[in-house]
Amino acid sequence: MTLKLGVNIDHVATLRRARQAAYPDPLAAAELCLCTGADYIVIHVRNDDRHMTEKDLARLCKVYRKYIHLECNSSEKMQKMALKYKPFSVCIVPELPGEVTTTGGLKFTPKAFDRIRQMTEALQKKGILVSLFINPDAASVRTAAKCGADIVELCTKEYSEAKTQKQQAKLLRELALASLLAKELGLEVHAGHGLDYDNVLPVADLCGMSCMNIGFSIISRAVLAGLPNAVCAMKELL
Ligand code: PXP
């Protein structure tokens, strides 16, 4: 099985928002990513619309629906939005007010479990694949399977932020075990959060992994890699 890459382009919209401008356009970014090898375009629509908005989802789904992987929380509002635009897949993630970025996997309290299971069913009925963003532990994997999810995305935040090699190796083993268990339970396995050019390969090599979802490191690299072109173009014009 070939490993897939989902490119999260949220931070293209972060830049647009910084100047409240019409560019850079996420649609153009999606096209560039898909033309150069991305298998999916990942966008996270948050309650506060801080980067991607419902309008972005609508535009992206209109052109690239079968490549769009939407991340959102489990509220009725987000469910309604997902059902309206029908992206290829939806990853349900926790969302805390004021957080800089997602802080970890879903917490399955009994109430949250019921809600996530309901939302999973509603999305699947309309042909949308459902992924659950979970911490890499056996209990979370088993609960995700009980929710009826198609996919689990294992949270690599702790792994990415490990301070020592020993700690990172331990966290990688946890990811490996969670991936195996998920595969055994018939789930497709993705991983994401904090992955970059230095730390991605050990995760990508884990048995059962089928997709890496990566945003910040790719967009950060793109900014620097694209600067020479951008400066040359302006200099030529002048
Ligand atoms: N997967 C999920 C569920 C996320 O919430 C995020 C961050 O939006 C990512 C992957 C991508 O993380 P990063 O931007 O650190 O690569």
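The basis for the numbers below is simple: all heavy atoms, side chains too, and nothing from hydrogens, waters or symmetry mates. Ligands are counted one by one from 1 in listed order, and the atoms in each one are counted from 1 as well.
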Considering only Ile, Leu, Val, Met, Phe, Trp and Tyr, and joining two whenever side-chain heavy atoms are under 4.5 Å apart, list the other residues clustered with F216.
none
Numbered atoms of ligand 1 (with element) below 4.0 Å of I214, judged on heavy atoms:
16 (O)
As a quick check of understanding, evaluate side chain to side chain contact (heavy atoms under 4.5 Å, CB included) for C72 and I92, giving each step before the final call.
CA-CA 5 Å; C72 63; I92 304 177; 5.5 Å; no
Could D48 and R46 be called an ion pair, given the rule that one side-chain N must be under 4.0 Å from one carboxylate O?
no
With heavy-atom distances below 4.0 Å as the criterion, list the atoms of ligand 1 near T102.
5 (O)
Presence of salt bridge, D56 and R16, under 4.0 angstrom
yes
Interfacing atoms of ligand 1 (cut-off 4.0 Å, heavy-atom, F216):
13 (P), 14 (O), 16 (O)
Ranked by distance from atom 16 (O) of ligand 1, the top protein heavy atom is G215 N, 2.8 Å
The salt bridge (Lys or Arg N to Asp or Glu O under 4.0 Å) partners of R117 (sequence neighbours excluded) come to none
Taking 4.0 angstrom as the limit and counting only heavy atoms of V93, give me the atoms of ligand 1 inside it, by number and element.
3 (C)
Do ligand 1 and N213 have nitrogen or oxygen atoms that lie under 3.5 Å from each other?
no
Is there side-chain contact between L237 and M234, with heavy atoms separated by less than 4.5 Å?
yes
Within the 4.0 Å heavy-atom cut-off, what H11 brings close to ligand 1 is neither
Measure the distance from atom 12 (O) of ligand 1 to every protein heavy atom, then report the residue, atom name and distance (to 0.1 Å) of the closest one.
H193 CA, 3.5 Å
Does G194 reach ligand 1, in the sense of a heavy atom lying below 4.0 Å from it?
yes
Aromatic plane relationship, H190 with H69 - under 30° parallel, 30 to 60° tilted, over 60° perpendicular:
tilted
Between K126 and K86, is a side chain to side chain contact (heavy atoms under 4.5 Å, CB included) present by the stated rule, with each step listed?
CA-CA 8 Å; K126 297 290 174 193; K86 298 189 184 62; 4.3 Å; yes
Out of all atoms in ligand 1, which are within 4.0 Å of some heavy atom of N8? Include the element for each.
8 (O)
Starting from atom 1 (N) of ligand 1, what is the nearest protein heavy atom, named by residue and atom, and what distance separates them?
E153 OE2, 2.5 Å
Nearest non-hydrogen protein atom to atom 2 (C) of ligand 1, with distance, is E71 OE2, 3.1 Å
